[in-house]
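Source: prediction; values computed, not measured. A, B, ... follow the sequence lines: proteins, then strands. Residue 1 opens every chain.
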Amino acid sequence: MSRLEAKKPSLCKSEPLTSERVRATLSVLKGIVTSCYGPSGRLKQLHNGLGGCVCTTSQSSALLANLSVTHPILKILTTAMQNHVSCFSDCGLFTAILCCNLIENVQRIGLTPTTVMKLNKHLLRLCISYLKSEVCGCRIPVDFSSTQILLCLVRSILTSKPACMLTRKEIDHVSALILRTFLLTIPENTEDHVILGKSIIVPLKGQRVIDSTVLPGILIEMSEIQFVKLLPVKKPGSLKVALFCASLSGDLSDTGEGTVVVSYGVSLENAVLDQLLNLGRQLVSDHVDLVMCQKVIHPSLKQFLSMHHVIAIDRVGVALMEPLSKVTGTRPIGSLGSVSPSTYGSVKDWCTAKFGFKHFFHLIPNEATVCSLLLCNRSDTAWDELKVTCQTALHVLQLTLKEPSVLLGGGCTETHLAAYIRHKTCNEPESILKDEGCTQTELQLITEAFCSALESLAGSLEHDGGEILTDLKYGHFWSVQADSPSIVNWSNLLSRCGCGLRNSQEELSWSFLRSTCHPFAPQTCLPHEAAGSANNLTLDCFTAKLNGLQVAVETANLILDLSYVIEDKN
Amino acid sequence: MAAAASVKAALQVAEALESIVSCCVGPDGRQVLCTKPTGEVLLSRDGGRLLQALHLEHPIARMMVACVSNHLRKAGDGAKTFIIFLSHLLRGLHAIPDQENGSLVSENSQTLGRHWKNCCRWKFISQALLTFQTQILDYVMDEYLSRHFLSIFSSSTKERTLCRNSLELLLEAYFCGRVGRNNHNLISQLMCDYLFKCVAREGGFEEMFELVGDCFVELNVGVTGLPVSDSRIVAGLVLHRDFSGYCPADGDIRIALVTETIQPIFSTSGSEFILNSEAQFRASQFWIMERTKAIMKHLQSQNVKLLLSSVKQPDSVIFYARLNDISVVECLSSEEVSLIQRVIDLSPCVLPQASSRCEISNTAVVKFCKPLVLRSKRYVHLGLISKCSFAPHCLVLCGPVQGLVEQHKDALHGAFKMLRQLFKHLDLNYLTQASDQNYTSSPLIYKNSRESNQLPEIVNGSLQRPYQGTVVKNKDKLAKPQTYLKVYSNLVVPSIELEKHFPCSTPKVTPMDTYQTNETLRCLSPNKTGIIDYGEPFPESNSANSTTENTRIKISYENLQVTKIAGKGSMLPVRYKSREMCSSRSYCFSSIPAGSVLPVGGNFEILLHFYLLNYAKICQQSEEATVGVIVANALLGIPKILHKSKKGNYSFPQMYVRALHALQSGQPMGSRQTGLESVVGKYQLLTSVLQCLTKILTIDLVINIKRQPQEICDQDSEEEL
């Protein structure tokens, strides 16, 4: 009998954002994400008192996944960020900080949510259309004939994750590896649409980062005993491969819902084993050299195959099945009946390899877009961080392939964009005022809130108490070390801007970022040679940042629009 | 524990609810965040959802919520307006001083306690409200309001073509109240595009609305992590799962649908399979394999490239399918299967059990069949070729968080419900009143619930006896020479509440006659399609003179025969008015035409307010007038809230004065608002609220039971009693 229990009434709170508790928790969250941002960001140690390992990180994906937030508003914010990260891998902290900044700034103004949302959306539209336009001064088109920009992009991503604990030399090595891995997944003869291959990250913890390497084909880890057994079989040349997805363990298949009555003396196990051995005989007579199985191979069959010098590898796992069938050109066999010859595949060569203390069986394909990235790092947590970073970088490269442009990093995009928006709303406010039906003052207030949210986002790259400047020509981001003499010739003290594109010897004038300066028109249209010449730029993924910007503004709007929170207490 | 229910208590409850819902109403409304016990977070501006999320405890509040959800099931919109209107009505009722309605209270009840007196008073008012809802409201709607109606169709001919422009306006106004302020333009545009893409042929809108309304869950895909502006429409059907085995195919692709596993199994449930030897086991395994192979071969020879299955298929089936270049999609839900069946008219294949040969004839052609990747999740994308008036398209709804995507889904689903209502005619019937009616000067409204139950039976069986009983009963009450007005609620057609008014001064004679006329009415009822109901209110003259009465009955009898002929002649008696009837009342049947709309922003409310006040002025009956005024004033609450944030020339008082002025001088009402809203929806809302109010007013005690709810068993409880 079901027990009926009365539902507890829900808790209903009005105007949630005005409550002190919500503000306090929001500012705590903001503090956490802001302090992690950028190459000099502070690391967070996440420690769960109830178990699990300690995780040292500064990445949004690890951070947000492990934080347990209870307030519904924070939940909205963090899930929005997590959803963004799971789509684009990059720019999670950017989105989170921008969203927090926007909420905080807008709350301080105290305008009605309707106006705020309308104008925020309008400013967002301005940003997007500028970033996508030809004249955009902070976007560089990617030329795939040289690897320079792509390498800079990967290096920027690695640099911005201090928890990977890499030295400069290691960063160079790993970024080159990542780029090579990416290039290996691109098919050589492309038709009308490109299907990218797959890269498999193979863990090798406790080794030096410099030992990391990338190999074409697939590495299958095996125990030392298997490894020793394999050594005498070694013969050069190509192999004929059979790949099974059905279990070869000899268990009975599903017999249906009814009962099966077996007479005394009839052994079904024997029957199945006979069937397996028949299969083995067929494989041997078909001159198959390598049998791989997703599940378990019966020991008798294994024995039989090794007697006939056929290599048998089982328990491959479902994750490797697709790359394996791609590398070998086989169709995974799903039945124990007679195998048609068309399902066999082949590999060019194979070898055994030992990396660190691990033994691998290495399949070298004829031509396939599958490669294995052997990734080494000293400690477990640093390896985990490095692995996520590599995945991010690979994803970002794929996104860049789809949308071939990158944005200037190091805070320059944000300050440039803020300068552009300020200038635009100051000089031609009529169109906005007419469209949205608001007053000039309201527009000014919201623009200020929006732009200062962008600028303080750029400012949070600086964690060591330094000053932040912006030049009045390009609107780029310059940081100067703390405790520098107050009145000096800036051009001597500064060297390069945040992204590394601009030099301080270019006859620029600077102002402090947070000071109220007169709106100026930042120079648009990047000269082409500028993009090519500089070889040490800091760059950001265009697609991820654009989406992050949109998601941040939309989420902030959503949270600002809340008038009630109804919490179900059941 | 028993607490006296009063208007005051109900008003307090309604006001508390009003304060919550009024923040989300209209284009300037804001969002509410709801958390579920599971930890999910949901954004909503949907009144019904908010009220449910509150899990209210107060009994009156729970009743209101029940009424709201009842209304929503029917109309799909208007929960917030419901609460606002209800609390305004209660406020109006609460403000009536006691003396004004003193005349309504019959003398014998004055000896009872104060509370009971109050209850009686509220009961009379509730009766008056019911009368108002069933008669005056329809009358005002038809007589006055209908001339202001606009239509969503571009031409008024039989073939109704939907005007895209007005549809856009309608949807925009709808989504203004349902989704976040920054997204309503986008969502309404998306919906409009979707509608026009989905309609396969002219005039197929009704069928399409029905199908989309039923299967909306299967026709959209939610994607989180992308901005809302990335939402789009994709042609074809997107199934919420991945291929079990995918083989790329081009050209002529045929699909087949199965509902059972293709591979035969050793034994089905309830049967026994006896294995006597290993050879037998091997042979049967071989047979099973060969058969699976044969079926797949056969499918391939039929050019089938895609196999849809509602159950999980064994691995070997997928293996053989792949060998034969057939893609497989497994574990389709029954809703998905029925949607596919409805769209392409494909019935599942039946696999013969015994013979090794099988004939599969049920296949259909699709344009394409490919995987669709949305945010690293893979879906099956099918280009179905429609065989009905719905051209399959799917909505891909994006949003930064799941809660927002859900909100948009709900709003779109609600919009389909609203449109479905809009495309239907709504019937109105009422009685027009001629000049003077002496008998209603101080009427006692008397509801005989027993009779209302019996009336439908009367028509079938032997009828004299119950009527006799009534007569006797009536006689008792007729000690005072007063007129009784009996209210029969129509039980047969619950959707349109038809009231039967039965004024009779000499009950001895009339019940017989009534019966006869009732029978004639009965005869013509089956021919009609619910537009004219069998329970046609029978007008009974109220003269005290019994000699003239006979003739009058005859006349009205003739009139009814005329109706009968009319009813047989045409199935669509849109408007029937028997003005020549000598009785003082005549009955009108009319309807709000399908697709009627009015400009948004309180236009409907102000119009109705104006005409109700006018009606109340000319109406002599005090309680009808009072109720009319109360309703009219309560109606203004909605435009007041809608114009709350507007200033200057567009503030509510300014707008109100302007509108009244325009109406008095007969000019068209100038409206700044551009959106449109459905008249039917508004009308249904009004009637639902009035019904809810009647319910609230008729309750006198709230009894609190502290015990586990028990299984309700009707027969047992009756026996115990």
Can you name the closest pair of heavy atoms from [X] and [Y] and give their distance?
X        : Y        : result
B:Val32  : A:Ser563 : CG2-OG, 4.1 Å
A:Ser263 : B:Leu275 : OG-O, 2.6 Å
A:Cys87  : B:Leu226 : SG-CD2, 4.4 Å
B:Leu33  : A:Pro72  : CD2-CB, 3.5 Å
A:Val272 : B:Phe281 : CG2-CE2, 3.9 Å
A:Val551 : B:Pro400 : CG1-CB, 3.9 Å

Worked verdict on A:Glu15 versus B:Arg30 for side-chain contact (heavy atoms from CB on, under 4.5 Å): CA-CA 10 Å; A:Glu15 297 300 332; B:Arg30 298 172 66 182; 3.0 Å; yes
Is there a side-chain contact between [X] and [Y] in this structure, where contact means two heavy atoms from C-beta onward sitting under 4.5 Å apart?
X        : Y        : value
B:Asn182 : A:Asp561 : no
A:Cys245 : B:Asp315 : no
B:Arg181 : A:Asn557 : no
B:Arg322 : A:Pro332 : yes
B:Thr35  : A:Glu567 : yes
B:Leu54  : A:Ile566 : yes
B:Glu278 : A:Ser267 : yes

Counting only heavy atoms not in [X] (residues, nucleotides, ligands), do more than 12 fall under 6.0 Å from its [atom1]?
X        : atom1 : result
B:Arg232 : CZ    : no
A:Lys198 : NZ    : no
B:Lys377 : NZ    : no
B:Phe368 : CZ    : yes

Among A:Leu268, A:Asn278, A:Asp274, side chain to side chain contact (heavy atoms under 4.5 Å, CB included) partner for B:Arg282: A:Asp274
Give a yes or no on whether the backbone of [Y] and the side-chain of [X] come within a donor-acceptor separation of less than 3.5 Å.
X        : Y        : result
A:Asn547 : B:Gly225 : yes
A:Ser10  : B:Ala53  : yes
A:Glu554 : B:Val228 : yes

Identify which of [options] forms the greatest number of heavy-atom pairs closer than 4.5 Å to chain A.
options                                : answer
B:Met289, B:Gln280, B:Glu290, B:Lys293 : B:Met289
B:Ser44, B:Pro227, B:Ser316            : B:Pro227
B:Cys24, B:Ser229, B:Cys34             : B:Cys34

side-chain contact (heavy atoms from CB on, under 4.5 Å) between B:Gln402 and A:Thr79, intermediate numbers included: CA-CA 9 Å; B:Gln402 185 65 30; A:Thr79 43; over 6 Å; no
With sequence neighbours excluded, residues passing ring pair (Phe, Tyr, Trp, His ring centres under 6.0 Å) with B:Phe243: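 Per chain and number, B:Phe243 pairs via ring pair (Phe, Tyr, Trp, His ring centres under 6.0 Å) with B:Tyr246.
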Ring pair (Phe, Tyr, Trp, His ring centres under 6.0 Å) partners for B:Tyr320, two or more places apart: none
Which bit of [X] is near chain A, if near means a heavy-atom gap under 4.5 Å: side chain, backbone, both or neither?
X        : answer
B:Leu42  : neither
B:Ser19  : both
B:Ile288 : neither
B:Phe273 : both
B:Leu56  : neither

When A:Val262, A:Thr555, A:Leu11, A:Thr114 are compared by non-hydrogen pairs under 4.5 Å with chain B, the top option: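 Result: the option with the highest number of such pairs is A:Thr114.
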Steps toward side-chain contact (heavy atoms from CB on, under 4.5 Å) verdict (A:Thr343, B:Leu323): CA-CA 9 Å; A:Thr343 54; B:Leu323 278 187; 3.7 Å; yes
Audit row: B:Leu43, A:Leu562, side-chain contact (heavy atoms from CB on, under 4.5 Å) steps and yes/no: CA-CA 9 Å; B:Leu43 285 154; A:Leu562 294 178; 3.6 Å; yes
